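In what follows, chains are A, B, ... by sequence order, proteins preceding strands, each numbered from 1. Source: prediction; values computed, not measured.
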Protein chains: 2
Amino acid sequence: MSKTSDKTQHGKCLSQMLPVRDALDVISGKWKMMILISIIHGNKRFREIERSIPKITSKVLAKELKDLEEHQLIKRTIYDDYPVLIEYTTTEYVKSLEKVMKQLHIWGVNHRKKMFGK
Amino acid sequence: MSKTSDKTQHGKCLSQMLPVRDALDVISGKWKMMILISIIHGNKRFREIERSIPKITSKVLAKELKDLEEHQLIKRTIYDDYPVLIEYTTTEYVKSLEKVMKQLHIWGVNHRKKMFGK
DNA sequence: TATAGCAGTTACCTAAAAGTAAGCACTATG
DNA sequence: CATAGTGCTTACTTTTAGGTAACTGCTATA
């Protein structure tokens with residue numbers, strides 16, 4: 001195989017890599033997927049989400065919720081009754097992530113089995 | 001809905017979250033998936049992989065290759081001829097990640113479209 | 001004999017992510 | 001009237017990821 005054909009391979013390779021990295025930029029980190037899953041499961045209120053995720057702090061949660069909102073995966077709704085009520089819900093767009101989530105879940109279960117005995 | 005039933009929900013929720021996080025612990029970060037993709041595409045030698053990934057440095061590459069080896073996704077083979085030749089190849093186990101990779105790729109392409117105009 | 005390639009390592013530095021702890025203005029409950 | 005809950009924010013510290021640059025011992029090439 002010549003060096004020239006290697007270079008062509010590298011080009012192809014990049015077009016695989018970059019979108020994968022784009023995706024990971026959005027969903028990676030310790031908390032984002034956990035928060036999304038919590039909301040998908042029906043948790044709506046800030047404290048409710050906070051309690052559903054062990055060890056998360058309000059500071060981190062607040063920041064991550066903003067990020068997820070920017071990425072249009074969740075929306076924040078203010079119900080201006082007394083007392084003011086705020087709800088986080090998923091958007092339609094979150095559905096596009098379901099397959100990714102599913103595969104991550106399957107692989108995670110399997111990997112844990114592989115790593116620390118079945 | 002009672003507070004008791006909420007607590008049951010949170011339990012269910014965790015069993016979804018934890019495997020997803022396990023998976024992300026292995027594949028997240030700026031470089032791991034790019035390195036895997038490079039090797040899958042046929043790059044085998046250290047410098048070859050390095051050149052196939054823009055902006056990566058040898059220090060980071062060396063460290064990430066060790067991590068991937070620990071997770072049994074790649075193997076490092078030493079051919080003790082002259083000069084000593086070292087090759088990185090994927091393991092069988094990497095195949096289990098293919099669906100995850102595929103979904104990340106699909107979602108990444110789509111997300112980029114959504115974010116900065118089609 | 002100088003230069004470049006091989007597969008990394010080393011020491012140092014910066015930036016980003018995350019943790020710690022407290023507090024705010026408000027309401028609801030005992 | 002104290003206590004606890006609401007949805008956060010602020011200031012500060014620690015931890016981790018990643019970047020910079022130089023350098024090693026080896027071989028191959030010009």
J.: Apply salt bridge (charged side-chain N to carboxylate O under 4.0 Å, His left out) to Lys63(A) and list each qualifying residue two or more places apart in sequence or on a separate chain.
T.: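 Salt bridge (charged side-chain N to carboxylate O under 4.0 Å, His left out) list for Lys63(A), sorted by chain: Asp67(A).
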
J.: If you assign Ala62(B) and Lys30(A) each to the DNA chain C nucleotide with the nearest heavy atom, which residue ends up on the more 5' nucleotide?
T.: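 So the residue in question is Ala62(B).
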
J.: List the atom of Met101(A), the atom of Val94(A), and the distance in Å for their closest heavy-atom pair.
T.: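 The pair with the smallest heavy-atom distance is CE-O, 4.5 Å.
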
J.: With distance as the sole test, does Glu69(A) use its side chain to make a donor-acceptor pair with the main-chain N or O of Leu65(A) at under 3.5 Å?
T.: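 No; zero donor-acceptor contacts below 3.5 Å.
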
J.: Quick one: pull up CD1 in Ile74(B) and CD1 in Ile40(B) and give me the separation to the nearest 0.5 Å.
T.: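 CD1 of Ile40(B) is found 10.5 Å from CD1 of Ile74(B).
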
J.: Whole angstroms only, please: what is the CG-P distance between Leu61(A) and dT10(D)?
T.: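 Going from CG in Leu61(A) over to P in dT10(D) covers 16 Å.
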
J.: Roughly, in whole Å, what's the span from CG in Asp81(A) to C1' in dT6(D)?
T.: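 It works out to 14 Å between those atoms.
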
J.: Between atom CD1 in Ile53(B) and atom P in dG19(D), what is the gap in whole Å?
T.: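 Result: 12 Å.
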
J.: Measure from CG on Asp80(A) to P on dT6(D) and round the result to the nearest Å.
T.: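 These atoms are roughly 18 Å apart.
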
J.: Just how far, in rounded Å, is C1' of dA16(C) from NZ of Lys32(A)?
T.: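 Atom NZ in Lys32(A) sits about 12 Å away from atom C1' in dA16(C).
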
J.: What's the CD1-C1' distance between Ile56(B) and dG18(D), to the nearest Å?
T.: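 Distance, rounded to whole Å: 11 Å.
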
J.: Mind calculating the distance between CD (Glu50(A)) and C1' (dT6(D)) to the nearest angstrom?
T.: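 About 11 Å, once rounded to whole Å.
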
J.: List the atom pairs, donor and acceptor, that lie under 3.5 Å between side-chain atoms in residues 21-37 of chain A and the rest of the protein, sequence neighbours left out.
T.:
from, atom 1, to, atom 2, distance (Å)
Arg21(A), NE, Lys30(B), O, 3.2
Arg21(A), NH2, Lys30(B), O, 2.9
Asp22(A), OD1, Arg112(B), NH2, 3.2
Asp22(A), OD2, Arg112(B), NE, 2.6
Asp22(A), OD2, Arg112(B), NH2, 3.1
Ser28(A), OG, Leu24(A), O, 2.8
Lys32(A), NZ, Glu64(A), OE1, 3.4

J.: Is the gap between the ring centers of His111(A) and Tyr93(B) under 6.0 Å?
T.: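 Judged by ring-centre distance (under 6.0 Å), His111(A) and Tyr93(B) do meet the cut-off.
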
J.: Just N and O in the side chain of Lys66(A): are any of them under 4.0 Å from OP1 or OP2 of dC8(D)?
T.: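 Checking dC8(D) against Lys66(A), no side-chain N or O comes under 4.0 Å of OP1 or OP2.
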
J.: Are any protein N/O atoms closer than 3.5 Å to N/O atoms in nucleotides 5-7 of chain C? If there are, list each pair with its distance.
T.:
from, atom 1, to, atom 2, distance (Å)
dC6(C), OP2, Arg51(B), NH1, 3.3
dC6(C), O3', Arg45(B), NH2, 3.0
dA7(C), OP1, Arg45(B), NE, 2.6
dA7(C), OP1, Arg45(B), NH2, 2.9
dA7(C), OP2, Arg47(B), N, 3.1
dA7(C), N7, Arg47(B), NE, 3.2
dA7(C), N7, Arg47(B), NH2, 2.1
dA7(C), N6, Arg47(B), NH2, 3.1

J.: Check nucleotides 12-16 of chain D for protein N or O atoms closer than 3.5 Å to its own N or O atoms and list the pairs.
T.:
none

J.: Please answer whether the main-chain N or O of Ser52(B) pairs with a side-chain N or O of Ser38(B) as donor and acceptor at a distance below 3.5 Å.
T.: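 It does not hold such a pair.
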
J.: Among all residues two or more places apart in sequence or in another chain, which pass the side chain to side chain donor-acceptor pair (under 3.5 Å) test with Glu50(A)?
T.: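 Listed in chain order: Arg47(A), Ser58(A).
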
J.: In whole Å, I'd like the distance from the CZ atom of Arg21(A) to the C1' atom of dA17(D).
T.: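 Nearest whole value for this atom pair: 13 Å.
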
J.: According to salt bridge (charged side-chain N to carboxylate O under 4.0 Å, His left out), does anything in residues 89-102 of chain B pair up with another residue at least two apart or in another chain? List the pairs.
T.: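 The answer is Glu92(B)-Lys95(B).
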
